[in-house]
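Accompanying notes for the structure given below.
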Amino acid sequence: MFWHPLLLAIFCAQIVALVLVLTAALTAFRTALHWQPHVPDSRQLALEAQVAAASIQGRAAYGLWLFAAFLLVFGIANLFHHSIPGAMCGTGVFQAMSGSGSKLLLYLGVLLLLTHLWYALDRLNGFQVDLPLTARNARLFLTLPPVALLTLIQTYQTFAAIVPYQPVDCCAVVYDQFHDLQQAESIIGLGDPWWLGFFLVLSLLLLGLGAANGFTTSDRPKIRLALAAVGTLWLPVAALTLVNILSAYHYGVLQHHCPWCLFLPEHGLVGYPLYGAMVVIGMEGFTLFFLPPMVGKDFKSNGQVAKRCRQAAQRITFAGATFLIITLGPPLFWRLRYGVWISG
């Protein structure tokens, strides 16, 4: 078992968050069964007070999970590899995890997406006096405790898989995946220029649709759905293009396809704003997809829903612009300085 002070902080944050959502889930269960806003009896009044308290507990749990996720990424990228022989970045830590690291990030991502959607619904619900979304939001909240428990269990199993003092070779993981130069200069059979072209086209679409939906006073459902779809497609293309092509301008060497080295201080810690922008685009795109259908058309909150979707589009636009500036700036600077691209 691998132990580290930061890992203890991650466990503490996850455990406290789990206790909070388990307590709030009892209220959510009663709310889903007995919520009657137009019946002002003692049970309904008591339930409304409990719902307000459960909302505070859920928001606190959301903050703790975000904090734990940041600590986890920071630990994997910048701290844990110092305690694992042969590891020089997060790739070596993942190698020591024996394949469990990806599953942990998947569970944590699902948990944050569900909680983010619940938080958006909870905020919209608070704008209305009769709290029309309470019962619906309570049913969504009941999905959080099992996912949170699975995430906590997976966190323990992931770090339990690390054998202390067993050496790894993260450079071998990065470079041994290629058998020849042609394979290193292509992704899934397509050459790097194709992927760079796809990335640029999708990025322009993302920024254009984000501006068209985010900086307007009218609600445009078709543009909103198009933005969510483009954002969903943009994420894997951007990730592959960043790691396999554009990261070379941060590393100063070719074919170093390592996503975790971008977090290191010697490369300017650019991994944090880059992957942070991708997280924002993913979470806000998820909100654009699922928030309007979950609210429906029968609530007075529709004006607030449109406003929240415009905010999501604005955040996607700013995150996409940040990603483009950080990824395309170094190649342009390299070209201006040396007169050629890094690949020749």
Side-chain angles (χ1 to χ4, degrees), residues 62 65-66 69 73 102-121 124 140 143-144 147 151 187-190 192 194-216 219-247 259 262 271-296 305-328:
Y62 183 32
W65 282 324
L66 287 173
V73 172
S102 299
K103 188 182 296 185
L104 172 59
L105 293 182
L106 176 62
Y107 280 144
L108 189 57
V110 171
L111 177 61
L112 291 178
L113 284 175
L114 290 175
T115 314
H116 184 71
L117 181 60
W118 169 84
Y119 175 68
L121 279 172
L124 287 176
L140 175 60
T143 63
L144 300 182
V147 181
T151 303
I187 309 171
I188 319 177
L190 291 176
D192 289 349
W194 284 97
W195 284 98
L196 189 59
F198 293 151
F199 167 68
L200 293 175
V201 170
L202 288 175
S203 296
L204 292 176
L205 284 174
L206 185 77
L207 296 180
L209 292 171
N213 192 76
F215 300 95
T216 180
D219 184 31
R220 301 177 178 180
K222 292 183 179 180
I223 296 180
R224 182 181 66 228
L225 290 176
L227 175 60
V230 170
T232 302
L233 182 60
W234 179 88
L235 284 172
V237 174
L240 289 171
T241 305
L242 170 64
V243 174
N244 291 275
I245 303 173
L246 298 175
S247 63
L262 291 169
Y272 290 100
L274 287 174
Y275 288 101
M278 295 177 69
V279 168
V280 170
I281 292 172
M283 295 181 75
E284 295 300 335
F286 187 80
T287 302
L288 288 176
F289 260 132
F290 292 101
L291 184 62
M294 291 200 68
V295 173
V305 173
K307 181 179 179 181
R308 177 63 181 85
C309 289
R310 287 195 295 272
Q311 290 177 350
Q314 292 171 5
R315 293 171 184 174
I316 289 175
T317 303
F318 287 127
T322 300
F323 189 92
L324 281 179
I325 291 171
I326 299 176
T327 53
L328 297 183

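Just so you know, these numbers come straight off a predicted model, no measurement behind them.
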Between the main-chain N or O of Leu242 and the side-chain N or O of Ser247, is there a donor-acceptor pair closer than 3.5 Å?
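Yes, Ser247 side chain to Leu242 backbone: donor-acceptor pair under 3.5 Å.
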Keeping Asn244 on the side-chain end and Leu240 on the backbone end, is there a donor-acceptor pair under 3.5 Å?
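The answer is yes, because a donor-acceptor pair under 3.5 Å joins these two groups.
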For the student: nearest non-hydrogen atoms of [X] and [Y], plus distance:
X      : Y      : value
Pro273 : Ile326 : CB-CD1, 3.7 Å
Pro259 : Tyr275 : CB-OH, 3.2 Å
Asn213 : Cys309 : ND2-O, 3.7 Å
Arg224 : Leu288 : CG-CD2, 3.5 Å
Leu112 : Ala69  : CD1-CB, 4.0 Å
Trp234 : Ser203 : NE1-OG, 3.0 Å

Side chains of residues 225-233: which donor-acceptor partners sit under 3.5 Å, not counting sequence neighbours?
{"unit_1": "Thr232", "atom_1": "OG1", "unit_2": "Ala228", "atom_2": "O", "d": "2.8"}

Would you say the side chain of Leu200 lies within less than 4.5 Å of the side chain of Leu328, judging by non-hydrogen atoms?
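Yes. Closest side-chain heavy atoms under 4.5 Å.
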Under a 4.5 Å cut-off applied to non-hydrogen side-chain atoms, are Thr327 and Thr241 in contact?
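A side-chain contact is absent here, since even the closest heavy-atom pair is not under 4.5 Å.
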Would you mind listing every salt bridge (charged side-chain N to carboxylate O under 4.0 Å, His left out) that reaches into residues 309-319, with sequence neighbours excluded?
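Found Glu284-Arg315.
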Under the salt bridge (charged side-chain N to carboxylate O under 4.0 Å, His left out) rule, what pairs show up with a residue in residues 203-212, not counting sequence neighbours?
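Salt bridge (charged side-chain N to carboxylate O under 4.0 Å, His left out) check on residues 203-212 returns no pairs.
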Inter-residue atom distance [X].[atom1] - [Y].[atom2], 0.5 Å rounding:
X      : Y      : atom1 : atom2 : answer
Thr151 : Leu104 : OG1   : CG    : 7.5 Å
Met294 : Leu117 : CE    : CG    : 5.5 Å
Lys222 : Leu209 : NZ    : CG    : 14.0 Å
Phe289 : Leu113 : CZ    : CG    : 12.5 Å
Leu274 : Thr322 : CG    : OG1   : 9.5 Å
Phe199 : Leu196 : CZ    : CG    : 7.5 Å

Give me the ring orientation class for Tyr62 and Tyr119: parallel if the planes are under 30° apart, tilted from 30 to 60°, perpendicular past 60°.
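Correct class here is tilted.
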Ring-plane angle category for Trp195 and Phe198, please: parallel below 30°, perpendicular beyond 60°, tilted otherwise.
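Trp195 vs Phe198 ring planes: perpendicular.
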Results of side chain to side chain donor-acceptor pair (under 3.5 Å) for [X] - residues two or more places apart only:
X      : result
Thr143 : none
Trp65  : none
Thr287 : His116

